[in-house]
Amino acid sequence: MADATFVSRRDNAFREFPPASAQLAVIIPFYGDLTVWIRKQQTTGWQLPTSTRRSGETILEVAKRELWDTARIVAAKLDLLGAVRSTDPKPSTSYVYMCEARHLPWAYEIPEDVAEIGVFVRTPRPLASDWSEVVLEAALRARRTGLR
């Protein structure tokens, strides 16, 4: 498993991860009690919508763009969950958001580079990224405890 550490936004250590330091946005969309995952054409595993920052974008804009680009989801609200610090293959910071999806795309609406969009009760296998389980666990815990 890649070396990844999750830091909740409510943790004092989160101050070490200002928005400008985040290169990636990871979004955990929920459709009721199910988690929405995507599988891209070029990968063999399931992943959460994740994208890198483009020049001039805020990390929140990255999250909104990625939700639409990969899953055709427009979220009324994105809740900041925390940050993931990963050191493999190189150090990077990802901001992690969660949201409620009210609509999922039909098969004909799925973007060309996305092979499948799936909703699951349990974590699907195989995963494209080892640290997806770390952020999913944090999101599920936040939902159980009402941490929003």
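Not measured: the values here are computed from a predicted model. Position 1 is the first residue of the sequence, and the numbers go up from there.
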Under 4.5 Å between side-chain heavy atoms, hopping through other hydrophobics if needed: is there a path connecting I59 to L67?
yes
With side-chain hydrogen bond (donor to acceptor under 3.5 Å, both in side chains) as the criterion, how do R85 and T93 come out once you've worked through the C-alpha distance, each side chain's angles and the decisive distance to 0.1 Å?
CA-CA 5 Å; R85 181 69 178 160; T93 300; 3.0 Å; yes
Would you call the rings of W106 and Y108 parallel, tilted or perpendicular if under 30° counts as parallel and over 60° as perpendicular?
parallel
Verdict with reasoning, R125 to E133, per salt bridge (charged side-chain N to carboxylate O under 4.0 Å, His left out)
CA-CA 11 Å; R125 300 284 182 222; E133 288 183 293; 2.7 Å; yes
Can you tell whether the side chains of R53 and E66 come within less than 4.0 Å, N to carboxylate O?
no
What I'd like to find out is whether the side chain of E57 reaches to under 4.5 Å of the side chain of R65, using heavy atoms alone.
yes
Return the minimal non-hydrogen interatomic distance between A63 and I27, and the atom names on each side.
O-CD1, 3.6 Å
Are I28 and T35 close enough that some pair of their side-chain heavy atoms sits under 4.5 Å apart?
yes
Steps toward side chain to side chain contact (heavy atoms under 4.5 Å, CB included) verdict (T123, L127)
CA-CA 8 Å; T123 306; L127 288 177; 3.7 Å; yes
Does a side-chain N-to-carboxylate-O contact under 4.0 Å join D11 and R9?
no
Measuring only between side-chain heavy atoms, which start at C-beta, is F30 closer than 4.5 Å to V36?
no
Approximate separation, where rounding is to 0.5 Å, of S51 OG and Q23 CD:
12.5 Å
Can any side-chain N or O of E116 pair as donor or acceptor with the backbone N or O of V114 at less than 3.5 Å?
no
Sidechain-backbone polar pair: S21 side chain, P19 backbone, donor-acceptor under 3.5 Å
no
Does CD belonging to Q41 count more than 12 external heavy atoms closer than 6.0 Å?
yes
Does the structure place the NZ or CZ of R72 under 6.0 Å from the centre of the six-membered ring of W68, at an angle of no more than 45° from the ring's axis?
yes
Joint hydrophobic cluster, L24 plus L60, side-chain heavy atoms closer than 4.5 Å:
no
Determine whether E137 and R141 satisfy the following criterion, salt bridge (charged side-chain N to carboxylate O under 4.0 Å, His left out), listing intermediate values before the conclusion.
CA-CA 6 Å; E137 177 65 30; R141 188 172 41 253; 3.6 Å; yes
Of all heavy-atom pairs linking A101 and Y31, the shortest is O-CD1, 3.1 Å
Any side-chain heavy-atom pair of V26 and V84 under 4.5 Å:
no
Is there a side-chain contact between E61 and K64 (heavy atoms, below 4.5 Å)?
no
Does L136 belong to the same Ile/Leu/Val/Met/Phe/Trp/Tyr cluster as V96, with side-chain heavy atoms less than 4.5 Å apart forming each link?
yes
Do you know the tightest heavy-atom contact between I73 and P29?
CD1-CB, 4.0 Å
Are the side chains of S129 and Q47 in touch, meaning some heavy atoms are under 4.5 Å apart?
no
How are the rings of Y95 and F14 set to each other: parallel, tilted or perpendicular (split at 30° and 60°)?
tilted
What is the minimum heavy-atom distance between P105 and I110, and which atoms define it?
CG-CG1, 4.5 Å
Are Y97 and V7 connected into the same hydrophobic cluster when the rule is that any two of I, L, V, M, F, W, Y join if their side-chain heavy atoms are below 4.5 Å apart?
yes
Does any part of the side chain of V119, heavy atoms only, come nearer than 4.5 Å to the side chain of L104, both counted from C-beta?
yes
Should W37 and S132 count as side-chain neighbours, where that means a heavy-atom distance under 4.5 Å?
yes
Measure the spacing between CG of D113 and CG of D69 and express it to the nearest 0.5 Å.
8.0 Å
So, for W46 and F120, is the gap between ring centers shorter than 6.0 Å?
yes
After noting the C-alpha distance and the side-chain angles of R143 and M98, does the key distance pass the side chain to side chain contact (heavy atoms under 4.5 Å, CB included) rule?
CA-CA 10 Å; R143 288 188 78 178; M98 54 192 253; 3.4 Å; yes
